[in-house]
Amino acid sequence: MKRFIYISFSVFIFSCGNTSEKNKETSNTVPTVQESSEQDDEIDLFADLEEDGWEMDEETRDGLENLEKFLEGVENFSIESNYEMLLNKHQLNRGDLNRSIEAITQERLGRGDGTNAQEEAAAYAVQLQGKMKEAGLGMTLEEAESLVAAYNASADQKLTSKYKGTETEKEIHSILQKQLGNRPSGFIEENLNTYQTNNNKERLSTLRKLAASTSEMETRNILLAYYEISDKELLLLEKFPKVLEKLPSEKIAIKSRDYQLPKAIEDHLKKGLATPKFRELIVESLAQKKELATTFISEANKARKKFYTNNPSWFQNEEGVDNTYIDERGNFVFLPLGDLAFADAVVKEQLGTSGAHAEGAIGIPDMSTKRFKEVDPKICNLGLKGQLTVAFTNNALSNVNGPDLYIFEMGAIEPTHLEISKNGSDWIAVGKIEGGTAAVDIEPFVKEGDSFNYVRLTDLETPSGIPGADIDAVAAIGGAMLLSLDSSVLFDSGSYELKELAHEALEKLANQIKTFPKGTISVNGHTDSDGSATSNSVLSKNRAKAVANALEQHLSKDYKFTIEGYGASHPLVPNTTKENKQKNRRVEILITPTNQ
């Protein structure tokens, strides 16, 4: 679904020189809905329906009264929807855009050079276009004018957080489900929920009629009249996917760009039987879908190019696992290991006041394109003074040129203390995450070649609406693919000669390594705490050598091997039980996709 973000910026009205004191007082708050008389007339549910010849008994009227606020919310949110759609087109960072407009506002108010609303808006658009150009964001004057108009409308509408786009679309879906049966929310719901400059009043009138509909035939007739298409085309449209959904990653954007029409729709268009309105809907929707995807891919390529420019030794594979993701603020984050880059286990949680859902911080970011909610199982609310430790189990954090770690945080980036560790016991304090970025460079705190499996985040007790950081995912930008084998699978107790069955396991592991055609492979042996430190160090290194020699037989010479024996110095868990000791006896393989 297309992403909608809470409007938390300072709302202001584009004003002339005679801005009222009342408007000035409300310009820095998020006010309640106060519709103009013109809007009240447009939202007059009963008058519109009765004017269209709908009979209204007392029971129906009472039921429809419950829909008034919902429909007002649709009207209000439609303005925000248009604003989001315009931002989405260029994948603009909403906060940066708002700050640019607000800077222009202060400048113009200071000069007091506004004459009338139309001229003022035109002047804002010219200045906004210039600021976007300075920021390296191409934008036509028409697009700048549209953004200014949408921003102006959003202020005039005095949007509240009571009605959210996601919930509004769900309401429309629920209304249609009652008459058309269960099916996924798709194009029709999205289209009816999206602000449209050319026929917005007709769209709202259609929503009212759908809300009052009592049969499937009535519902279909309302939709047929609105879209001006045939019965068959309405059935086809019901199966058409959403067009304006926010894209979470480059790989999904590529699929969206290459989207093929369902055969039934394609055949209908090819046979020349399509009505003009249906053909127009499909052609425009495909163009929008492709444009959004192409824009995302273009920005993703910029992020990829920046990483490889800073790290020329990293191997670039056009069909590799790398991927670019977008965070809630519209930042593009390139990860050379793709989905493997994310922390995937919660080791310890001590969530503070209002903290919840520690598991929401692991795995890929799954809320970056959604409207932020205060509590959601997919987001970890760290809570006031809360602490969370996560682990990378199939990858490891390492140092590269530029940022090494990225915290996908929702809402405001709240001051959080960050630590990293090799073993989950000995911690390195990296410092404080705060301000406008969640990208972290660990270089000043680590040695060359170091890798880390644990990240600990601690809230620094900064009071806010939702105390503590709200974490969607934790990613290692500079990482290595981590594969681990239990020593009992490979060796007999105290031995470093590979078992017969070990060769089969290592062949499978070699196939996983081939995900990267070139790279550096670090093979690291580990033991439990039984025995002397010297004997454990020797045993672990000999086991690492045996594994490296076996892997070399299955891999090309494009891989460079390093071997280490750590003995019992890097336990996964305390060596306090038989089960824990078994976990600590292992051989770990880290693969970094490099050209060297």
Side-chain angles (χ1 to χ4, degrees), residues 1-2 52 74 78 81-82 85 88-89 165 168-248 251-297 369:
M1 178 196 325
K2 155 180 185 294
D52 289 339
V74 172
S78 66
S81 300
N82 187 47
M85 181 172 65
N88 195 14
K89 178 176 181 180
T168 304
E169 188 170 305
K170 287 180 180 177
E171 290 284 355
I172 297 171
H173 186 217
S174 177
I175 289 170
L176 295 180
Q177 274 189 315
K178 290 178 182 177
Q179 304 302 339
L180 304 181
N182 289 326
R183 58 179 179 73
S185 179
F187 173 84
I188 293 177
E189 283 84 353
E190 179 188 67
N191 181 261
L192 290 173
N193 185 48
T194 303
Y195 175 79
Q196 297 164 21
T197 55
N198 59 336
N199 67 336
N200 199 47
K201 187 170 183 178
E202 183 182 353
R203 180 183 67 87
L204 290 171
S205 176
T206 298
L207 283 171
R208 297 186 187 99
K209 292 175 183 179
L210 288 172
S213 176
T214 58
S215 69
E216 179 180 355
M217 180 178 293
E218 194 173 53
T219 296
R220 291 195 177 280
N221 285 336
I222 293 168
L223 292 172
L224 289 171
Y226 176 66
Y227 287 114
E228 299 179 33
I229 58 179
S230 68
D231 291 330
K232 179 180 180 179
E233 289 168 343
L234 180 59
L235 292 172
L236 292 174
L237 208 59
E238 286 181 49
K239 298 176 182 179
F240 196 63
K242 296 177 185 177
V243 173
L244 300 174
E245 283 190 299
K246 193 76 171 180
L247 300 166
K251 289 189 183 297
I252 292 177
I254 291 172
K255 289 182 180 179
S256 183
R257 180 198 62 189
D258 300 338
Y259 173 79
Q260 298 294 315
L261 285 172
K263 190 175 185 303
I265 293 180
E266 191 173 349
D267 288 346
H268 184 67
L269 292 171
K270 285 181 177 179
K271 290 176 182 178
L273 303 175
T275 61
K277 288 291 185 180
F278 182 78
R279 181 177 293 277
E280 181 182 328
L281 269 176
I282 298 301
V283 170
E284 287 184 355
S285 297
L286 284 177
Q288 283 182 307
K289 195 176 184 71
K290 184 173 182 178
E291 182 181 9
L292 290 175
T294 301
T295 300
F296 191 107
I297 294 166
T369 63

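What you see is a predicted model, and the numbers here were worked out from it, not measured in a lab.
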Looking at every non-hydrogen atom in both residues, tell me the closest pair between [X] and [Y] and how far apart they are.
X: Ser230; Y: Thr275; answer: N-CG2, 4.2 Å
X: Phe278; Y: His268; answer: CE2-CD2, 3.8 Å
X: Pro241; Y: Phe187; answer: O-CB, 3.5 Å
X: Val243; Y: Leu292; answer: O-CD1, 3.8 Å
X: Leu273; Y: Glu233; answer: O-OE2, 4.0 Å
X: Leu247; Y: Ser256; answer: CD2-CB, 4.1 Å

Just so I know, are the side chains of [X] and [Y] near enough to count as touching, which here means a heavy-atom distance under 4.5 Å?
X: Glu189; Y: Gln177; answer: no
X: Lys277; Y: Tyr227; answer: no
X: Phe240; Y: Leu281; answer: no
X: Thr294; Y: Ile297; answer: no

Heavy-atom donor-acceptor pair, [X] side chain to [Y] backbone, under 3.5 Å:
X: Thr295; Y: Glu291; answer: yes
X: Lys289; Y: Lys242; answer: yes
X: Ser174; Y: Lys170; answer: no
X: Gln288; Y: Leu244; answer: no
X: Arg279; Y: Leu269; answer: yes
X: Arg203; Y: Thr194; answer: yes
X: His173; Y: Gly186; answer: no

Any chance you could measure [X], atom [atom1], to [Y], atom [atom2], to the nearest 0.5 Å?
X: Ile222; Y: Leu234; atom1: CD1; atom2: CG; result: 11.5 Å
X: Leu207; Y: Glu202; atom1: CG; atom2: CD; result: 11.0 Å
X: Leu223; Y: Lys209; atom1: CG; atom2: NZ; result: 11.5 Å
X: Glu190; Y: Leu192; atom1: CD; atom2: CG; result: 10.5 Å

> Can you check side chain to side chain contact (heavy atoms under 4.5 Å, CB included) on Leu176 and Arg183, steps first, answer last?
Replying inline: CA-CA 9 Å; Leu176 295 180; Arg183 58 179 179 73; 3.5 Å; yes
>> By the definition side-chain contact (heavy atoms from CB on, under 4.5 Å), identify the one residue from Ile175, Thr214, Leu210 that meets it with Thr219.
In response: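 One option only clears the test, and that one is Leu210.
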> Taking it one step at a time, do Leu237 and Asn191 satisfy side chain to side chain contact (heavy atoms under 4.5 Å, CB included)?
Replying inline: CA-CA 11 Å; Leu237 208 59; Asn191 181 261; over 6 Å; no
